[in-house]
Amino acid sequence: MVTAPPEQMAPGAGRPRPPHVPKKVDCPNCGSRLEIRDEASRLVVCVSCGSRIELSAAELKVLGQAGDAADADGWRFDFEIGDSYRHRMDDGTIYRFEVAARMAYIEDGSRAWTTRMYLLYHPSRGSLWLSEYEGLWDVSRGTHVMPKRDVWGLTKAQPVETHDGRQWHFVESGTYELAYVDGALPWVAEVGDMVRYAELLAADGSGETFEVEAAAREGGDQELEFGHGRRLDVEEVRRGARKPEIRDPVGRREDLGKVKRGYAKMARWAAIFLGVNFLLLVYALFAGDKVLEQRFAASDLTPEVLSQPFAVSDDGNALEIRLEVPNLSNAWMYVDVALVSGDDPFAGGKVVHVDEAGIEYYHGSSGGESWSEGSRDQSLWVRAPEAGTYRLVLRAVSNYGNAPNAEASAHPLTIEVIDGAHRRVFPLFGVLLCLGGLAWVGFSYAAWKSPSED
Amino acid sequence: MARTIACPSCGAPRSILNPGLAMFVCEHCSSPVYWDEEAVRVAGETSRLGEGFTRLYRDATGSYLSHRFRVLGRVRYSWGKGFWDEWFLQISDGSQRWLTEDDHELSIQSEVDLRGTRPFEDYRVNTWIEHRGTHFLVEETGTAECVGFEGALPEVFEIGETYPYVDASSPDGRYNLSLEFDREAGDGEKPADPPTVFAGRWLDHADLELDDEGDSW
């Protein structure tokens, strides 16, 4: 343990601060005088010849080229080295940072996927990273807060919690490749350096971001870094940089929470409509009262036959007339149906509705597989104008196979009349539509969350 | 009691007010000077570290989280593609601390005991170390080389010394752990167990106040 007189640490007991003198070095390649304002810089790029110079303690070492001015223009940086950027810190104080370095990262080897990064430096507030992709800006700084789960290989909007209790949504992951660098950096960056990253967005909609980066080093060493920041709108960047000419964004940010909520809302409504239609379908299946069930022999059906009377309970009730030919097999039946009012149609009854039904059913087997076509039953729908007693007048002919005509019926017919019936086709269609909608929402959500290329 | 030591290289006197210091860098000729009961010696190469535009500087006074301190010295390490500084602080309570500045990230550390350490080769990024009930995730492994020092320091450093290191942080981002494995410079021997372990906490720049912050930026 080192003990020392307490007066050594009293305010004012220390040595006055040495004057801030930026380091000046001469480029070993072209001789240009370079000024370095961040003492932690380890790499500087000569603004004249583009040489990448390593600032070792012993001597300056040229590592190669980082590109010339034209190449820098090609990357379309919005800031020059030495530009100021005024940033509001967490405590609300605004500090002026300087752009110390610029980097361009690409993905999949294409300049179409360029992220431009600016290292901002302040002598007593450390460094920040300002990054831009398609005109969308973020600012961040290093943190040692870590996610509670492995973030590699997650799907979009998957939840992630960090150890400070914050909740995040996974946005994307990928691998950057350093394609351009200039200025002065605190490490020796090389064009071609690869960095694996994963980006998260705050679940509370604050626009805060969290990033994980993994970089391999020489000799098998590795480094894992974490960054915490927030999204900036372009107006904020223009004000901070005092550069109104900074371009409008061409990209668009997804509000992950909003998209997720949108899908959840669609699924919820589809489920609600599905439920409603299902209930309507169930109701339609069991609604109404059977007021007539009668079987007619084949011989009864020509020339015509009168059914038993039946009562319709309410004005305007829908009637379902179900016609069934139970033993119809590779045959057809054609039925004329008339609804007549009154107990005795021959004593002042009125024809209310006339309809017809064609019922056919064919079946067989082909190539070892059974097939069937048509149906042995059919329903007709009619609305009774008023409550009262009604009868049906029926006439039917039937025949086998493809015989085009018939003079009489070869098959018996069973009829049922349901008073107050409800069509099932509409709620059934509604159920199928809603199921289709739910399936579409599910597939669409799965496609939106599909894993990032990595 | 103060002790005055003359630099063996240039003869400049230096008062040593703090017992427990083991070396200093002569302010006149930059020679690293250490001493034992028998003699005062120069240790290896001279060391010149620039000053004037780091926030901390030798013999600065200030406070971090209400602890008063004085900067006595600095050691600079390189990890190959970059470097970091470790500032040796004298604290007002009589203790000593190392304030690490790595890419403008600050942490304050002191030496601790850690049981159950393993050989350096067994530590990998994204694995865990436990210390006093707290789990630390390994964020970085590498080999550090001493590339310079200044001021007064509690042990003898030599330029060119290398040692493997493991850096880890608690997942809540508050605390850190560093393991330094001893290796004699240049001989390529396997690191000897156990490592020297430092534990501490990360500091925000706002947590650090210097009595003289200099002119406005």
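Numbered from 1 within each chain, the chains take letters A, B, ... in sequence-line order.
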Between atom [atom1] of [X] and atom [atom2] of [Y], what is the distance when rounded to the nearest 0.5 Å?
{"X": "M9(A)", "Y": "L89(B)", "atom1": "CE", "atom2": "CG", "result": "10.5 Å"}
{"X": "R42(A)", "Y": "W84(B)", "atom1": "CZ", "atom2": "CH2", "result": "11.0 Å"}
{"X": "H104(B)", "Y": "L119(A)", "atom1": "NE2", "atom2": "CG", "result": "7.0 Å"}
{"X": "W152(A)", "Y": "N126(B)", "atom1": "CH2", "atom2": "CG", "result": "9.0 Å"}

Return yes when atom [atom1] of [X] has more than 12 non-hydrogen atoms of other residues, nucleotides or ligands closer than 6.0 Å, and no otherwise.
{"X": "R33(A)", "atom1": "CZ", "value": "yes"}
{"X": "D113(B)", "atom1": "CG", "value": "no"}
{"X": "R88(A)", "atom1": "CZ", "value": "no"}
{"X": "E209(B)", "atom1": "CD", "value": "no"}

Given 3.5 Å as the limit, does a donor-acceptor pair link the side chain of [X] with the main chain of [Y], or not?
{"X": "R15(A)", "Y": "A60(B)", "answer": "no"}
{"X": "R55(B)", "Y": "H122(A)", "answer": "no"}
{"X": "H205(B)", "Y": "S124(A)", "answer": "yes"}

[X] versus chain A, the contacting section by heavy-atom distance below 4.5 Å:
{"X": "R174(B)", "answer": "neither"}
{"X": "F69(B)", "answer": "backbone"}
{"X": "L210(B)", "answer": "side chain"}
{"X": "D211(B)", "answer": "side chain"}
{"X": "S170(B)", "answer": "backbone"}
{"X": "N176(B)", "answer": "neither"}

Checklist entry - Parallel, tilted or perpendicular for W202(B) and H144(A), by the 30°/60° rule? => result parallel
Which pair of non-hydrogen atoms, one from [X] and one from [Y], has the smallest distance, and what is that distance?
{"X": "T143(A)", "Y": "E105(B)", "answer": "N-OE2, 4.1 Å"}
{"X": "R68(B)", "Y": "A10(A)", "answer": "NH2-C, 3.3 Å"}
{"X": "D103(B)", "Y": "P186(A)", "answer": "OD1-CG, 3.1 Å"}
{"X": "S169(B)", "Y": "M146(A)", "answer": "O-CE, 3.2 Å"}
{"X": "D172(B)", "Y": "V145(A)", "answer": "O-CG2, 3.3 Å"}
{"X": "Y57(B)", "Y": "R17(A)", "answer": "OH-N, 3.2 Å"}

Item to check | Criterion side-chain contact (heavy atoms from CB on, under 4.5 Å) on D90(A) and D204(B), from CA distance to verdict | outcome: CA-CA 11 Å; D90(A) 291 342; D204(B) 190 83; over 6 Å; no
Item to check | Part of Y95(A) within contact of chain B (heavy atom distance under 4.5 Å) | outcome: neither
Checklist outcome for this item: Cut-off 4.5 Å, heavy atoms of chain B, and the answer for T93(A) is neither
